[in-house]
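Whatever order the structure lists them in is the order used to number ligands and atoms, beginning at 1. Hydrogens, waters and symmetry mates are skipped; everything else that's a heavy atom, side chains included, is used.
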Amino acid sequence: MALTAVWSEESLAHDPEGEVWIGVQIVGDEIPERGTVMKSAIDSLGLETVPPVRHPDDQITAVHDPGMLEYLRTAHEEWVAAGYPEDPGQDRVVAYAFRHPGAFGHVAQRLPVSRTAMAGVYCMDTCTVIGPGTYRGLRYAVDAALTASDLVLAGGRAAYAAARPPGHHAGTDYFGGSCYLNNASIAAHHMVARAGVRVGIVDIDAHHGNGSQQIFYQRDDVLYTSVHVDPGRGWFPHWCGFADETGTGAGVGWNRNFPLEPGAGDDRFASAVQAAADLLSERGCELMVVSLGVDAGADDPESPLAVTRDGFERAGRVLASLELPTVLVQEGGYHLPALERDVTAVLSCFS
Ligand code: SP5
Ligand code: ZN
């Protein structure tokens with residue numbers, strides 16, 4: 001019944017060195033130190049820790065467009081080769097133009113020749129930049145999630161993937177929101193494929209996991225549930241995460257959003273997590289993936305929710321009491337002292 005953690009120093013490899021937000025270069029908060037803080041949380045619980053095992057590309061392309069994976073692999077070296085670090089002085093891959101479907105949806109999609117235009121093909125915001133260590137880092141995060149899944153498939157009670165960069169905003173053929181590949185969704189798909197049972201995702205990151213929702217929206221083998229700040233109150237990802245988004249086709253009833261109003265604290269957070277957990281039971285899910293963001297914390301710079309350590313522990317207890325083999329994949333959480341404290345609070349319920 002042990003909880004195992006997956007971590008290595010590769011969790012520090014991706015360093016965006018800031019982000020471009022509303023046209024301004026800002027410091028950014030999805031920083032390498034987050035990987036070190038996750039290790040502190042792991043060590044404070046005395047968890048057995050293993051490094052990620054490299055998994056083949058086809059476990060990624062089961063969920064993501066192969067063209068996007070290849071782009072992520074080569075984008076930074078191509079950017080450097082094109083000279084943009086010198087002229088105009090941008091050493092991170094960042095888009096200036098996007099392929100708006102209203103403008104270009106009526107013609108066949110072609111990949112542009114210009115590397116600056118390529119930067120707008122797969123990316124949906126200007127914040128999620130690509131640097132020299134980004135590909136190594138995002139591969140680390142995927143492999144951590146897959147390694148945690150393998151531990152659970154082999155009979156472990158629970159495994160924690162100390163993933164960074166996070167993943168739940170990345171969809172089939174797009175990335176953004178500080179996410180590149182959808183670590184939790186790759187893990188969920190892997191578990192369905194290997195175990196042949198229904199998997200339930202509970203996403204408690206403060207933001208709606210638009211990528212995870214999109215990946216599984218038409219499927220009835222993965223239930224996606226998310227507790228997050230109401231996008232209708234002005235919060236990222238803005239276009240998605242409303243309560244009336246419940247799935248389509250075979251997936252009708254297999255997606256459930258629990259938007260919370262800004263300022264919501266422990267009681268409303270824990271109740272929503274309970275409702276999500278109830279749905280996993282109702283749908284007969286036999287394995288669980290927790291998208292473990294802790295940016296709903298009161299001190300977090302990226303969300304207006306006001307959850308305390310106690311609220312995270314309550315959420316952890318609700319989830320652990322389902323007694324399903326569980327993979328916990330790190331998502332957001334940007335106030336470093338709270339990241340360590342609140343991740344520890346959730347993980348303690350599984351150890
Ligand atoms: C994984 C995750 O939690 N991603 C969240 C990304 C949210 N990005 C929204 C735009 C970022 C703007 N940050 C500026 C903060 C100024 N207070
Ligand atoms: Zn978040």
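A cation-pi arrangement is present between Arg283 and Trp254, with the terminal nitrogen or guanidinium carbon under 6.0 Å from the aromatic centre and inside a 45° cone about the axis.
You'll find the ring centres of His14 and Tyr180 inside the 6.0 Å limit.
Here Ala148 pairs with Val6, Ala159, Ala161, Val327 under the side chain to side chain contact (heavy atoms under 4.5 Å, CB included) rule; sequence neighbours left out. The side chain to side chain contact (heavy atoms under 4.5 Å, CB included) search around Tyr174 returns Met124, Asn210, Gln214, not counting sequence neighbours.
Around ligand 1, the residues contributing at least one heavy atom under 4.0 Å from the ligand are Glu19, Trp21, Ile26, Pro166, His168, His169, Gly177, Cys179, Asp205, His207, Phe236, Asp295, Glu302, Gly332, Tyr334.
When you scan the N, O or S atoms of Asp295 for the one nearest the Zn ion (ligand 2), you land on OD2.
Screening residues 262-287 for ring pair (Phe, Tyr, Trp, His ring centres under 6.0 Å) gives Phe269-Phe312 as the qualifying pairs, with residues at least two apart or on separate chains.
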Trace of the side-chain hydrogen bond (donor to acceptor under 3.5 Å, both in side chains) decision for Asn182 with Ser212: CA-CA 7 Å; Asn182 197 315; Ser212 308; 3.1 Å; yes
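Metal site remark for the Zn ion (ligand 2): Asp205 contributes an N, O or S atom at a distance under 2.8 Å. Taking backbone and side chain together, His207 holds an N, O or S atom under 2.8 Å from the Zn ion (ligand 2).
A 4.5 Å side-chain heavy-atom check between Leu287 and Val152 finds at least one atom pair inside the cut-off.
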